[in-house]
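One structure coming up, written as structure tokens, with questions to follow.
One is the number of the first residue; the rest follow in order along the sequence.
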Amino acid sequence: MSFNSTTSPDLYATTNFSSLNWFEQQWVAWYIAIGNPIIATGLMSFLLHEIVYFGRALPWIIIDAIPYFRKWKLQAAKVPTPKEQWECTKLVLFSHFTIELPTIWLFHPLAESIGMSTYQVPFPSLKTMAPQVAFFFFFEDLFHFLAHQALHTGPLYKHIHKIHHKYSAPFGLAAEYAHPAEVMILGTGTIAGPLLYCYFTRDFHIVTMYIWITLRLFQAIDSHSGYDFPWSLQHILPFWSGAEHHDFHHMAFTNNFSTSFRWWDRIFGTDDKYRAYRARVDAAKKAMKNASKDEQAAMEKKLMDEVEAEGIRAEAEAEGSPPQIAELILKLLNTNTDDLHDVLSQIDVWKWPRTDLNTWIKVLNKFDSVLEDVVREYHVEDLQLTEFTPLTKRTVTAVLRFERLLLENSTNRKMFNSYDRINTLLFCEDLDVVILSLNVLLRPAQQYSSQTAVSHALGLSTPRLLSLVKRWPHLREYGIGLIDLAKTAGSSEVDRLPAEAREVNFSFYKTDSPSDGGKDQEKEREKENKMEIDPFDASQLSPRKPPAPTTAPGSGAIAIHVSEEQLASKPVMVLLSDLVNTYKVPDDEKFELLSRIRAAKALAPGQEADRVKLVTVRLLAIAIYGHTHPEGQASTSLFLYEPDVIPHIAELLHIDQDIPIRLQTTAVAALDSLARYRQRNQEVLTAVNAGVNHGILMALVRKTLADAATPDSMVPQSFIEALLNFVAYISSHSTGGNMVVGAGLIPVLIQAIDNRLPGRLPVLSKIMQLVDNILYGYTNAFNIFCTSRGIETLVNRIEVRSAPHRTAKDAYEFHF
């Protein structure tokens with residue numbers, strides 16, 4: 001159909017306008033104003049959908065914000081936050097514009113081709129439209145009942161319908177919060193009824209469709225509202241489903257699959273658990289009729305928790321997750337925040353099969369709430385002047401460790417959406433929390449290494465990351481390297497640093513002073529000039545002659561000098577707060593100033609522990625930066641000012657140095673990251689002596705795998721995996737692969753294959769992957785493998801794992 005085939009005068013050439021009512025006259029005016037029936041109908045259809053959907057959802061948003069209405073909320077303890085509603089709205093709008101808009105627009109020409117009236121007037125009578133709408137309700141309810149049950153099975157639930165079940169306590173806006181495929185599948189039931197009716201009767205007007213869509217949206221939004229008022233429709237029409245019926249479905253996962261009516265669930269027995277739950281609630285209320293309101297509320301919550309626990313088990317079963325995962329999820333959900341660390345601290349390694357991250361959405365939502373509460377309570381986004389309590393720190397660190405484990409052992413990790421809270425924690429006062437936050441960010445950075453917009457996806461602030469990446473001020477001229485800062489026992493070279501090396505010199509540009517365009521341009525030029533010098537070069541900003549603070553209004557550059565005595569007199573955050581208030585430091589400069597203060601304070605004698613932590617922070621930041629920023633950017637922001645950073649990091653891997661293994665783990669991660677830059681790969685190989693049998697890398701691999709074979713080994717699994725991943729990456733390129741093969745890697749790996757400790761089975765899996773890649777990629781590798789008795793060792797290892805006395809626990813661990 002051509003978009004210009006019918007002009008507006010042709011549409012109503014024979015229409016008697018005097019016989020039309022007001023609505024019909026407005027209808028005619030709309031089509032004449034637009035001038036094209038296809039555009040007019042498509043535009044009106046989509047606008048109607050959006051206005052009705054969000055217009056009907058708005059009252060529920062207001063009701064959720066008013067505590068008075070909690071008495072009628074079905075799950076009173078689960079009120080959606082504004083953030084949850086906004087996240088929901090974004091996905092709903094995405095579905096509306098990508099799925100529903102094209103569908104709505106194409107509906108008109110399709111339906112018109114089979115006899116539907118659109119622009120024509122007058123409208124059909126209410127007597128004509130009422131049975132049509134009733135048929136659509138009946139048809140859609142049956143279609144939805146069948147399709148909804150199908151969406152609760154296997155892959156359809158795991159990959160499609162689970163998104164809609166993100167909220168166990170739904171709210172109005174969540175009615176169309178769903179995967180685009182689900183929007184298409186269930187939307188078919190909404191439009192198929194009118195299309196079929198139109199096809200067989202050839203007597204259907206689009207205004208009837210609009211009435212149907214309006215009523216259907218009201219029904220869907222109300223059923224997801226989460227409120228059961230005494231005047232709700234289900235109390236007037238007993239067969240109407242309503243919010244109370246559908247709320248149970250979200251809470252219990254199973255039962256109550258229909259939308260508008262209850263009869264299909266009753267006929268097919270898919271409301272048995274719902275009716276049993278209602279019977280328990282009624283019986284409990286009757287038994288506790290003389291109890292207090294708090295006791296009655298506690299009783300209802302207990303029954304709800306029982307139902308939700310059954311639902312979590314059923315959901316895990318539908319996704320194919322093992323029962324142990326469902327029980328762990330239940331345990332975490334039912335544990336209060338103060339006791340959460342006790343449960344999470346027992347999980348130091350992953351003992352279960354890999355699962356879809358979707359399975360953990362409810363747990364991750366709980367973790368998000370915990371972190372949000374901490375950020376808000378301690379004012380982390382502004383300035384945290386109060387230290388975490390021991391309980392708060394244990395809880396936060398336990399959550400971050402477990403989230404890292406989840407990201408390492410889950411599929412569909414793009415579902416993870418907690419990066420904003422984790423990035424906020426980088427500004428907290430506790431270095432242990434900063435390290436764990438960076439450790440969580442590192443895993444997805446490694447997974448999506450070098451992908452476009454990965455930095456944006458992780459919510460990373462490049463200026464903040466650079467503040468952590470750059471070397472500490474004043475150290476180059478005194479010959480202090482990373483190896484000196486990383487020793488747990490301290491370094492005499494660091495202790496001998498003069499006082500001026502432990503001072504802070506920091507400058508920034510005022511942003512709130514009035515200035516004309518010329519001054520703004522001058523300020524921008526000054527900033528560019530500042531970036532052209534090394535901000536940490538002590539020869540350019542001499543600590544012996546600190547610049548006097550500039551306080552004149554409108555002067556532009558402001559210089560801050562903090563002496564060693566000032567640094568020692570106050571905690572880091574308190575000192576930062578004083579400087580911010582005194583010099584009016586803008587928000588975008590606070591993090592850089594914080595990093596400078598921490599670095600200078602850590603150089604004082606007796607600060608070895610903080611010094612090691614800050615080196616760990618820097619190495620993690622370098623690792624993240626290397627995975628998330630292109631080589632050109634790294635060349636101008638890191639390597640230009642510190643061209644020898646790679647050899648300095650490699651020094652930390654010497655086996656005869658007093659370097660904590662956690663710090664060596666981050667050093668390996670940093671080198672693995674920088675090795676992915678094409679122009680730096682050879683530099684990394686040279687720095688770790690990859691081609692030398694007794695070089696840094698091979699000595700470390702040999703020692704680590706030998707230590708891991710002893711029963712009392714304390715080598716963390718995370719370090720072994722990081723080291724093997726690094727070796728696997730450099731051996732995946734011909735230069736690095738030939739170097740490590742020539743340096744004797746294969747005999748070392750063969751010895752490690754013979755490690756029969758049950759707790760090291762994950763190491764064996766990594767080693768076998770590495771051996772497979774090397775043997776496949778290099779022509780001389782298989783000969784070395786054979787002459788080093790690799791085949792015999794491998795056969796003996798297989799025979800051990802196949803022995804009859806192998807325990808069930810061993811079999812489970814080996815398989816997974």
Side-chain angles (χ1 to χ4, degrees), residues 42-57 60 80 84-111 136-137 139-168 170-196 209-210 212-225 241 246 249-250 253 256-260 318-319 356 358 361 412 414-415 417:
L43 185 59
M44 179 163 51
S45 300
F46 184 68
L47 287 175
L48 174 83
H49 181 275
E50 298 306 287
I51 291 170
V52 172
Y53 186 86
F54 290 104
R56 183 56 188 148
W60 295 117
E84 286 177 325
Q85 291 177 331
W86 173 237
E87 291 295 326
C88 174
T89 301
K90 288 192 291 186
L91 181 62
V92 167
L93 285 172
F94 176 80
S95 295
H96 284 187
F97 280 92
T98 59
I99 302 298
E100 298 194 24
L101 176 59
T103 305
I104 289 171
W105 206 275
L106 292 173
F107 176 82
H108 159 249
L110 175 62
F136 302 155
F137 264 112
F139 179 90
E140 192 280 335
D141 189 62
L142 177 59
F143 182 94
H144 191 106
F145 174 77
L146 299 173
H148 193 180
Q149 285 194 81
L151 286 171
H152 270 257
T153 58
L156 289 178
Y157 178 77
K158 183 177 181 179
H159 299 294
I160 297 177
H161 188 51
K162 185 175 177 69
I163 292 177
H164 185 67
H165 274 267
K166 176 179 180 179
Y167 305 106
S168 59
F171 49 94
L173 274 172
E176 292 186 354
Y177 181 86
H179 190 284
E182 179 176 347
V183 175
M184 288 290 293
I185 293 169
L186 297 184
T188 301
T190 303
I191 64 173
L195 286 175
L196 288 172
M209 182 71 175
Y210 288 167
W212 154 237
I213 290 296
T214 300
L215 294 175
R216 173 71 181 97
L217 287 175
F218 267 60
Q219 179 276 323
I221 294 167
D222 289 358
S223 68
H224 286 83
S225 68
S241 60
H246 192 68
H249 173 77
H250 276 262
F253 179 76
N256 299 2
F257 294 100
S258 57
T259 53
S260 301
E319 292 179 301
D356 193 307
N358 266 322
I361 281 181
N412 202 17
K414 288 186 178 181
M415 291 294 298
N417 194 30

- [ ] Mind checking the CZ-NZ spacing from F253 to K162? Nearest 0.5 Å is all I need.
- [x] 8.0 Å
TODO: Report the distance from atom NE2 of H148 to atom OG of S258, rounding to the nearest 0.5 Å.
DONE: 9.5 Å
Open item on the list: Can you give me the closest heavy-atom contact between F137 and S260, atom names plus distance?
Closed with: CD2-OG, 3.6 Å
Task: Side chains of I213 and V52 in contact at under 4.5 Å (non-hydrogen atoms) - done: no
Open item on the list: To the nearest 0.5 Å, what is the distance between CD1 on I51 and CE on M44?
Closed with: 11.0 Å
Open item on the list: I'd like to know if the side chain of T188 and the backbone of M184 have a donor-acceptor N/O pair within less than 3.5 Å.
Closed with: yes
TODO: Report yes if some heavy atom in the side chain of D222 is under 4.5 Å from a heavy atom in the side chain of R56; otherwise report no.
DONE: yes
- [ ] Report yes if the side chains of Y177 and E87 come closer than 4.5 Å at any heavy-atom pair, otherwise no.
- [x] no
Open item on the list: How close do Q219 and T259 get, counting heavy atoms only, and between which atoms?
Closed with: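 Taking every non-hydrogen atom into account, NE2-O, 2.9 Å.
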Open item on the list: Please verify the inter-ring angle class for F143 with F139; under 30° counts as parallel, over 60° as perpendicular, anything in between as tilted.
Closed with: parallel
Task: Stepwise side chain to side chain contact (heavy atoms under 4.5 Å, CB included) test for V92 and L173 - done: CA-CA 8 Å; V92 167; L173 274 172; 5.8 Å; no
Open item on the list: Could you tell me if the side chain of T89 sits less than 4.5 Å from the side chain of W86, heavy atoms only?
Closed with: yes
TODO: May I ask you to test the H152-H249 pair for a side-chain heavy-atom distance under 4.5 Å?
DONE: yes
Open item on the list: Ring centres under 6.0 Å, that's the criterion: do H224 and F171 meet it?
Closed with: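 Ring centroids of H224 and F171 are no less than 6.0 Å from each other.
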Open item on the list: Please tell me whether Y210 and S45 have a donor and an acceptor in their side chains that are separated by less than 3.5 angstrom.
Closed with: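 Looking only at side-chain atoms, S45 and Y210 do form a donor-acceptor pair, the distance falling under 3.5 Å.
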Open item on the list: Strictly distance-based, threshold 3.5 Å: is any side-chain N or O of W212 a donor or acceptor partner for the main-chain N or O of T190?
Closed with: yes
Open item on the list: Between H161 and H179, is there a side-chain donor-acceptor contact under 3.5 Å, judged purely by atom types and distance?
Closed with: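 There is no such pair (donor and acceptor under 3.5 Å, judged by atom type) between the side chains of H179 and H161.
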Residues 153-160 side chain polar contacts: donor-acceptor under 3.5 Å, at least two apart:
from, atom 1, to, atom 2, distance (Å)
T153, OG1, A150, O, 2.5
Y157, OH, E315, OE2, 2.3

Open item on the list: Applying side-chain hydrogen bond (donor to acceptor under 3.5 Å, both in side chains), can you list everything that pairs with H250, at least two apart in sequence or on another chain?
Closed with: H164, H246
Open item on the list: Test of understanding: with side chain to side chain contact (heavy atoms under 4.5 Å, CB included), list the residues that count as partners of E50, not counting sequence neighbours.
Closed with: F46, F54, L93, H96
Task: From OG (S95) to CD (E100), nearest 0.5 Å - done: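 Between S95 OG and E100 CD, I get 7.0 Å after rounding to 0.5 Å.
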Open item on the list: Once rounded to the nearest 0.5 Å, what's the spacing between atom CD1 of I221 and atom CD of E176?
Closed with: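 Going from CD1 on I221 over to CD on E176, the span is 7.0 Å.
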- [ ] Examine distances only and state if a side-chain atom of Y53 and a backbone atom of T214 form a donor-acceptor pair shorter than 3.5 Å.
- [x] no
- [ ] Would you give the length of the straight line joining atom CG of L91 to atom CD1 of I163, rounded to the nearest 0.5 angstrom?
- [x]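 Output value for this atom pair is 6.5 Å.
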Open item on the list: Main chain of D356, side chain of E319: is a donor-acceptor contact present, judged purely on distance under 3.5 Å?
Closed with: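 No, because the side chain of E319 does not come within donor-acceptor range (under 3.5 Å) of the backbone of D356.
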